Amino acid sequence: MFSEINPRVSENKNVISFRQTQDGKHRMASSMNVAFIGLGTMGAPMVLNLLKAGHAVTVFNRTVAKTQAAVAAGATAAESPAVAANAAGIIITCVSDSPDVKAVVLSEDGIINGARPGSLLIDMSTISPGVTRSLAEQLAEKDIAMIDAPVSGGSEGAQKGTLSIMIGGAEADVERARPVLGAMGSTITHVGPIGAGQTTKAINQIIVAGTYWSVAEGMALGLKAGLDMEKVVQAVGNGAAGSWGLTNRSSNMIKNEYPLGFRVNLHQKDLAIALETARELGLPLPMAAYVEQIENGLIAKGYGDEDISAIARSIREMSGLEQ
Ligand code: NAP
């Protein structure tokens, strides 16, 4: 735990401040001026963690009411992404999809028209690697650097500051971002050049699709066989079949109840990014395509806001299990 001796950052510069630990020792920590755009399920708690770490944060959210908790915790609200970006050396976006990042970056009141030359954009949304590269090129023309830093770990990880952050970009920009990223995540991996973070996130979502779908098939077989499914999960969970999905989401599938978690809508969006990337690179992703189609069906039936373990609904229906 730290208490700030000099928590305020008065200029548009990243400064070094001293913090006092509980045992009274002073420690040097870099405190930065950060703009944060997109205070949704993920962004709102990420902002609170930035503030707790002593960064000065200017926020923008399209729905203004969602900035209230951040402002109460010490953030400053801005009226547009451009105004927020102008107040900071580091600008973070965490919005829904590729068109949304394009909107907050490229529109008339977007980041590109407010950020100062030499500033750095960290996009923490999950979007297309191709769109990421194109945005980075357009920003570079105005001397604004960009890295892509999508996350995994869910809303729980965002609240606890334990997100896994996968990064694409130039080494110097990643190093500049680290003090800020460290306030939000505990596993921070620089994977490669711009776009590599988004490609890594697509890989993450392909693996999630496969493990969840396999768990759903396994649960359906056990239920049809009339087995005690708690015992089944216990029996197979610590062997080669063990996975996060089996441990944490098989009970949803057994009970046929799917509280959040991670929404089907968002995972379907991420699989669509994986499939688009695969088309560009020239390779098939048959399992990802299959699960994406299953999720399309669930969304059509009104289950898009359920947790992705709801893919079990589909195999239950095919198996004649209770709906
Ligand atoms: P969310 O709760 O739906 O919030 C989306 C945020 O984006 C809101 O602040 C929304 O503003 C803003 N937004 C969307 N479109 C916009 C636009 N065109 N212009 C301006 N603002 C816009 O989503 P989330 O769960 O925080 O997810 C954010 C990103 O993190 C997504 O890319 C998602 O895939 C990724 N992610 C989510 C999770 C998770 O567990 N939820 C985990 C890992 C990664 P309004 O408030 O005005 O709607």
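Just so it is clear, the model here is predicted, and its values are computed rather than measured. Order of appearance sets the numbers: ligands from 1, and atoms from 1 within every ligand.
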- Note on the structure: Note: I122 and A149 closest approach over all heavy atoms is CG2-CB, 3.7 Å
- Establish, from distance only, whether the side-chain atoms of Q159 and S155 form a donor-acceptor pair under 3.5 Å. no
- Note on the structure: Between the OG1 atom in T132 and the NZ atom in K201, the distance rounded to the nearest 0.5 Å is 12.5 Å
- Query: For the hydrophobic clusters of this structure (ILVMFWY residues joined by side-chain heavy atoms under 4.5 Å, transitively), does one cluster hold both V105 and L39?
  - Reply: no
- Near ligand 1, at a heavy-atom separation below 4.0 Å: residues by chain and residue number: G38, L39, G40, T41, M42, N61, R62, T63, K66, C94, V95, S96, D100, V104, S125, T126, V151, G154, S155, K201, F262, R263, L266, K269
- Message: Check this for me, if you would: do K301 and E317 make a salt bridge, where the nitrogen-to-carboxylate-oxygen distance has to be below 4.0 angstrom?
- Response: yes
- Does some side-chain heavy atom of F36 sit less than 4.5 Å from a side-chain heavy atom of T93? no
